[in-house]
Protein chains: 2
Amino acid sequence: MVERVVPEGKRQRRRPTKQGAVLSERLIVETALNLIAQHGAEALSVRRLGAALGADPSALYRYFRNTDALMLAVADELIGRAQQGWAPTGYWRADLRAIGLRIHGSYRSNPQAALLAAHRTTGRPHEMRAVETVLGVLREAGFPDGLAVRVYHAFVDQALAFAAQDAATLALPSAAKEADAEVWREVYGRLTSDTHPHIAATFPLLAADMRGSGYPFALELMLDAVAALKPVADAR
Amino acid sequence: MVERVVPEGKRQRRRPTKQGAVLSERLIVETALNLIAQHGAEALSVRRLGAALGADPSALYRYFRNTDALMLAVADELIGRAQQGWAPTGYWRADLRAIGLRIHGSYRSNPQAALLAAHRTTGRPHEMRAVETVLGVLREAGFPDGLAVRVYHAFVDQALAFAAQDAATLALPSAAKEADAEVWREVYGRLTSDTHPHIAATFPLLAADMRGSGYPFALELMLDAVAALKPVADAR
DNA sequence: ACCTGAACACCGTTCAAGT
DNA sequence: ACCTGAACACCGTTCAAGT
């Protein structure tokens, strides 16, 4: 089996493509992010990316062994950006809230990559730091180890699960996104009280609430419940 | 614009395909679920589905206007299977717990299909019934409309988000699944207290807890918090 | 009324050849 | 050493024609 992908540091020479681009992992990842940002998730294909780079599509296979490897590189770039500039305050509730909303927000900011990243254990430095940070917030606040671990698990999985869920919605092709929105107007908005009394009675509230993410409220409920389980009640 | 998709109830005659199959929405959805269960989510294409049904691929466009509509029908079938044989007990906590665990379980038992289905709003009968049921449990328990709607949203999104998250893990190719498990032994198991004190201190507890799903505990935390918000406290 | 088959405009990926 | 171009094996979807 031939190893076709040369690690980024070991490349010796580079020849520009016909259109003059000098390829690199970094350039490819950034071009991919731009492509998604400008033309939507469905615009990311090897062929389009090649065109955007000014290279033959097949040239990308010298840098990434397949599309999945490219997506993971993009995801890793985003995990790095997400953790930048945050420090714990010493208040466990505020810290967990901030971490949860940051994970959720960063995944939402690049839904396509988030979908591939959210259900994998990478064991990479950024992920390790996040695990250590969350466990540290709980243990230093006085949660005993057994409880800290269970809360860590529920908290992180909730953040990742909602992040992936909301990213998935954002990553839908725009036609599907509109179809989902139309369902609320055209289907749920027309149900009557003889067949669906609870939907009919609450429809305007329901349609308004469903426009946003359920995560912020779900996170607050979790923090409420965790506070009630904490052995030594305090204001932090 | 021509309306090419005839509603299921209004079809008049049916001619078997060359290979003798008599098509229907139901047969197509069930064949799609079988295809996914047997050969993975990536095996689901209009062309393969046509072949599995013994029909020309383009014949499916008489039943679903595009692939997206077919996916919504598959999603709704999963929701329907989750609700089969369940009836409310009148105890809101027990009812929400049962519904949450059923959704989670149904999606986990069809992980490949769940991945394609869990983040869509179908607007189809099974989904409509589920929405009505959950809202009904909350409103009949005495939650005021505004709170019932917010709790409904957080509850349903959390169930679907965890279901998709856990389904994603189950749907990984077995090589990737093992690689993820190895990360816990080989990476997190080797971290020392000088760089990652909290992980090092709790590792055995952590590794054990992470083997299961975080959903049951997260659900219980949500029910705890919701009980505390309920205007009239009661034992139900 | 319903199904077919050809056609169109795309995909990801491989590999021998070119520079 | 790196990029190219053709080729392969797929996609989803449309529409005139067939039954």
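Numbers restart at 1 for each chain; the letters A, B, ... are given by sequence-line order, proteins then strands. Computed from a predicted structure; not experimentally measured.
- Residues passing the side chain to side chain contact (heavy atoms under 4.5 Å, CB included) test with Asp76(B), sequence neighbours excluded: Ile79(B), Thr122(B), Arg124(B), Pro125(B), His126(B), Glu127(B).
- In this structure Glu182(A) satisfies the side chain to side chain donor-acceptor pair (under 3.5 Å) test with no other residue, sequence neighbours excluded.
- Taken residue by residue, residues 35-59 of chain B places heavy atoms nearer than 4.0 Å to DNA chain C at Arg47(B), Ala55(B), Asp56(B), Ser58(B), Ala59(B).
- Residues passing the side chain to side chain contact (heavy atoms under 4.5 Å, CB included) test with Ala218(A) are Gln158(A), Phe162(A), Ala154(B), Gln158(B), Met222(B), sequence neighbours excluded.
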For residues 22-29 of chain A, tabulate all N or O donor-acceptor pairs below 3.5 Å that involve a side-chain atom, not counting sequence neighbours.
from     : atom 1 : to       : atom 2 : distance (Å)
Ser24(A) : OG     : Leu27(A) : N      : 3.0
Arg26(A) : NH2    : Glu30(A) : OE2    : 3.2

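- Every side chain to side chain contact (heavy atoms under 4.5 Å, CB included) that Leu191(A) has, sequence neighbours left out, goes to Tyr188(A), His196(A), Ile199(A), Met128(B).
- For Tyr63(B) and dC3(C), the shortest distance from a side-chain N or O to OP1 or OP2 is below 4.0 Å.
- Judged as a side chain to side chain donor-acceptor pair (under 3.5 Å), and not counting sequence neighbours, Glu132(B) has no contacts.
- Contact record, Arg102(A) with Gln84(A): NH1-O, 3.3 Å, taken as the closest heavy-atom pair.
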Pair up each side-chain donor or acceptor in residues 43-56 of chain B with any protein partner under 3.5 Å, not counting sequence neighbours, and list the distances.
from     : atom 1 : to       : atom 2 : distance (Å)
Ser45(B) : OG     : Arg48(B) : N      : 3.1
Asp56(B) : OD1    : Ser58(B) : N      : 3.0
Asp56(B) : OD1    : Ser58(B) : OG     : 2.7

Atom pairs, protein N/O to nucleotides 17-19 of chain C N/O, distance under 3.5 Å:
from    : atom 1 : to       : atom 2 : distance (Å)
dG18(C) : N2     : Arg15(A) : NH2    : 2.9

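- Every residue two or more places apart in sequence or in another chain that forms a salt bridge (Lys or Arg N to Asp or Glu O under 4.0 Å) with Arg81(B) is listed here: Glu77(B).
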Intra- and inter-strand pairs of DNA chain D in dot-bracket (Watson-Crick or G-U wobble, both distances under 3.5 Å; | for another strand): ||.|||||...|||||.||
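- Here Ser106(A) pairs with Ala82(A) under the side chain to side chain contact (heavy atoms under 4.5 Å, CB included) rule; sequence neighbours left out.
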